[in-house]
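Counting starts at 1 for both ligands and their atoms, in listed order.
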Amino acid sequence: MLRVTAALATVVLVPILMMAAPPTPPPPGQTPQARPGNIELATFPAEWTYKPGGQAPSAEHGMVASNCALATEAGVEILKAGGNAVDASVAVGFALAVAYPEAGNLGGGGYAVVRTSDGRSAAIDYRETAPAQASRDMFIGPGGKPTEASLVGHRASGVPGSVAGLLALLEKHGTLPRARVMAPAIRLARKGFVVDEIFRTSIGQNAALIKRFAGRELFLPNGTPPDVGTRIVQADLASTLERVAKLGPAGFYSGPVAAAVEAEMTRGNGTITAADLATYKPVWRTPIASTYRGYGLIAMPPSSSGGITLVETLNILETWTDIAPWGSAQALHRLTSAFQRAFVDRNATLGDPDFVTLPLARMASKEYARQLRAGIAADRATPTRTLAPVPREGRETTNYVVVDRWGSAVATTTTINSLYGSGVWVPGAGFFLNNEMDDFAVQPGTPNQFGLVQGESNAIAPGRRMLSAMAPTIVLDRNGQVLMLVGGRGGPRIITAVVQAIVNVIDYRMSLADAVGAPRIHHQALPDMIDYEKGGVPADIVDALKAMGYATQPGGTGSLTAIKRVATGWEGLFDPRKHGLAGGY
Ligand code: DON
């Protein structure tokens with residue numbers, strides 16, 4: 001049943017090559033048009049970094065794509081052991097916490113959307129919550145200005161949700177025992193893994209933060225990152241994971257692990273207590289179900305803004321029945337105008353649905369999209385300031401996607417916000433804590449680290465979840481079968497990157513590699529500016545956008561992981577802008 005064929009060797013080999021290089025062009029003589037399905041050959045600007053016609057790794061039965069090769073391998077191990085997509089996702093989640101500490105975590109939170117093999121969908125919100133001692137103005141300094149405490153150090157952390165969320169997901173939709181799905185992560189922590197260039201570079205680039213806290217002994221022995229080729233063993237983390245595997249959530253949220261978190265908080269004047277941990281609960285939410293040109297969308301609802309903002313954007317785009325040529329000024333104008341309106345609503349109105357009433361029905365409505373479309377001139381930018389009262393919203397994160405042989409699918413995004421979170425590492429328990437408190441509107445109206453200007457609806461209050469932009473998304477084909485899974489990192493740039501990947505597949509019939517490798521733009525209402533990837537938008541198109549009234553500048557985008565169904569099974573991909581591994585069997 002669990003056939004291991006010669007195909008496996010190909011599947012494993014291709015992604016390893018891809019870790020250092022953008023998608024590889026098809027071999028001579030094989031044009032993208034020759035591929036099965038209705039894929040069309042994309043044309044990218046000549047200056048763009050990645051060439052069209054790239055090939056994503058494929059597999060027949062199941063596929064995993066993540067930003068960390070060891071975590072992807074953990075997922076594939078569980079799929080091959082007979083686990084479903086949920087079992088494998090949970091294995092990836094715990095493995096990321098060990099082998100990808102810049103974003104993978106036990107000390108953070110996340111979201112997952114699930115499509116089960118029998119066609120049901122589910123969404124779990126395990127976003128961090130503000131501790132009971134948190135207060136609205138806790139990050140406002142004596143001069144009335146926000147301090148750096150929402151980003152660095154003990155007070156920056158929300159109550160971690162990842163362990164509770166992953167275990168709830170496993171209990172409801174998984175099939176394998178907890179100890180089995182956690183075995184790869186426990187092995188990676190207990191026996192260690194060999195440090196590669198990606199890991200060393202990541203630690204090195206963040207050494208200034210890490211060395212301020214207790215993680216320095218493990219990650220900066222002798223003051224520098226461990227050498228490539230050496231083995232990093234995380235004994236405290238292994239014990240934490242073993243305890244969780246044995247006891248379930250209680251292994252993390254009470255007992256010695258909770259006590260270690262509280263002790264570190266006391267030492268560093270933080271706010272999380274053992275009582276905060278004991279009362280943390282993940283929440284099952286009803287996924288946002290919508291459509292785009294007849295394709296189904298299963299998207300993450302608040303407390304993430306990701307799903308509703310991408311649905312509002314796609315609804316506006318759908319009002320144009322003609323498809324503007326890809327990359328044209330007209331296409332970018334439409335895209336920008338849609339992003340702008342959806343982000344205005346997002347930034348002004350969204351927050352934790354358990355605390356504030358959200359205009360979700362309106363934001364998801366096709367009629368509302370038509371009204372918004374009516375305000376978009378064919379060739380003229382609309383200044384954000386004329387659209388609505390705008391407050392403001394405001395980084396490290398990782399997305400992973402898994403499908404199994406039975407057709408179930410899980411897209412998950414998890415984060416500790418910035419790389420290595422708040423920098424605080426819990427001695428004795430072995431993990432970093434998040435700095436998610438900065439995702440609140442620390443001072444409504446003042447931009448956060450992402451430049452987002454957010455409002456009252458996202459102000460700090462005890463127990464509240466801070467608004468997120470994470471957008472794990474599942475796209476269904478017109479027959480209701482899973483077509484694509486996509487999500488990413490990049491704060492608000494996640495939303496705009498996910499939208500463009502979906503549009504590239506549906507409107508422009510691009511292959512997965514092209515849809516993800518294509519250059520992207522970003523607009524988040526405020527700042528009122530189109531960011532475009534360098535080399536991704538030719539000068540004449542930039543000039544045309546300026547003539548319409550847009551401010552433009554070269555800028556960044558999110559980075560994605562994605563899976564897409566193809567005639568032979570599944571293609572999986574990590575963004576060529578980042579590292580990772582896609583593999584299957
Ligand atoms: O939840 C959010 O929206 C942010 N904390 C995500 C941070 C992120 O994507 C960092 N990646 N660059």
Side-chain angles (χ1 to χ4, degrees), residues 66-68 96 100-105 107-112 124-130 150-152 156-162 165 202 205-206 209 299-310 342-343 346-347 350-352 392-400 411-423 432-442 447-454 458 460 464-473 486-498 520 522 524 531 555-561 574-575 577-580:
S66 85
N67 286 128
C68 170
L96 285 167
Y100 197 58
E102 68 170 57
N105 64 83
Y111 302 94
I124 188 161
D125 171 342
Y126 51 98
R127 181 70 158 169
E128 300 90 329
T129 53
S150 66
L151 282 170
V152 180
S157 304
V159 184
S162 289
S202 173
Q205 287 173 343
N206 295 279
L209 176 66
M300 189 69 217
S303 62
S304 183
S305 69
I308 191 72
T309 311
L310 77 84
F343 271 91
R346 174 206 185 278
N347 297 349
L350 298 186
D352 182 342
R392 149 174 202 169
E393 179 206 23
R395 133 191 169 145
E396 197 67 29
T397 304
T398 191
N399 188 77
Y400 51 98
T412 309
T413 317
T414 184
T415 189
I416 43 176
N417 201 16
S418 306
L419 283 164
Y420 301 94
S422 64
F432 287 103
L433 287 167
N434 67 83
N435 61 347
E436 225 71 66
M437 292 297 285
D438 192 67
D439 273 354
F440 279 116
V442 161
N448 72 1
Q449 67 168 339
F450 299 105
L452 283 168
V453 184
Q454 309 177 103
N458 188 29
I460 304 174
R464 218 181 214 187
R465 285 165 153 80
M466 54 297 282
L467 186 63
S468 171
M470 293 188 274
T473 305
V486 58
R489 70 202 291 170
R493 286 170 165 74
I494 296 171
I495 298 170
T496 51
V498 167
R520 298 193 279 260
H522 173 74
Q524 59 182 44
D531 283 4
T557 180
S559 85
L560 303 173
T561 51
F574 63 90
D575 204 307
R577 296 161 183 83
K578 269 268 176 205
H579 39 249

Query raised in the report: Does ligand 1 have any atom that is closer than 4.0 Å to a heavy atom of Arg493?
Result: no
**Report entry** Contact partition for Glu436 relative to ligand 1, non-hydrogen atoms under 4.0 Å
**Finding:** side chain
Report task. Report the C-alpha distance between Arg346 and Leu467 in whole Å, list the side-chain angles of each, state the deciding distance to 0.1 Å, and finish with yes or no for side chain to side chain contact (heavy atoms under 4.5 Å, CB included). Result -> CA-CA 10 Å; Arg346 174 206 185 278; Leu467 186 63; 3.8 Å; yes
Query raised in the report: Numbering the atoms of ligand 1 from 1, which are under 4.0 Å from a heavy atom of Ala469?
Result: 1 (O), 2 (C), 3 (O)
Query raised in the report: If we only count heavy atoms from C-beta on, is the Thr398 to Thr414 side-chain gap below 4.5 Å?
Result: yes
Report task. Establish, from distance only, whether the side-chain atoms of Asn435 and Ser422 form a donor-acceptor pair under 3.5 Å. Result -> no
Report task. Mark up the atoms of ligand 1 that fall under 4.0 Å of a heavy atom belonging to Arg489, in ascending order. Result -> 9 (O), 11 (N)
Query raised in the report: Does any N/O atom on Leu467 come nearer than 3.5 Å to any N/O atom on ligand 1?
Result: no
Query raised in the report: Going by the atom numbers of ligand 1, which of them fall below 4.0 Å from some non-hydrogen atom of Ile494?
Result: 9 (O)
Query raised in the report: Are the side chain of Asn434 and the backbone of Gly109 linked by a donor-acceptor contact shorter than 3.5 Å?
Result: no
Requested in this report: Using a strict cut-off of 4.0 Å, indicate which atoms of ligand 1 neighbour a heavy atom of Phe450.
Outcome: 7 (C)
**Report entry** Minimum non-hydrogen distance to atom 8 (C) of ligand 1, winning option of Asp439, Thr397, Asn435
**Finding:** Thr397
Requested in this report: In plain terms, say whether Arg493 and Asp531 are close enough for a salt bridge, that is, a side-chain N and a carboxylate O under 4.0 Å apart.
Outcome: yes
Query raised in the report: Side chains of Tyr111 and Ser303: does their closest heavy-atom pair fall under 4.5 Å?
Result: yes
Query raised in the report: Considering only heavy atoms, does Arg127 approach ligand 1 within less than 4.0 Å through its side chain, its backbone, both, or neither?
Result: side chain
Report task. Determine whether Thr561 and Asn67 make a side-chain contact, defined as any pair of heavy atoms from C-beta on separated by less than 4.5 Å. Result -> yes
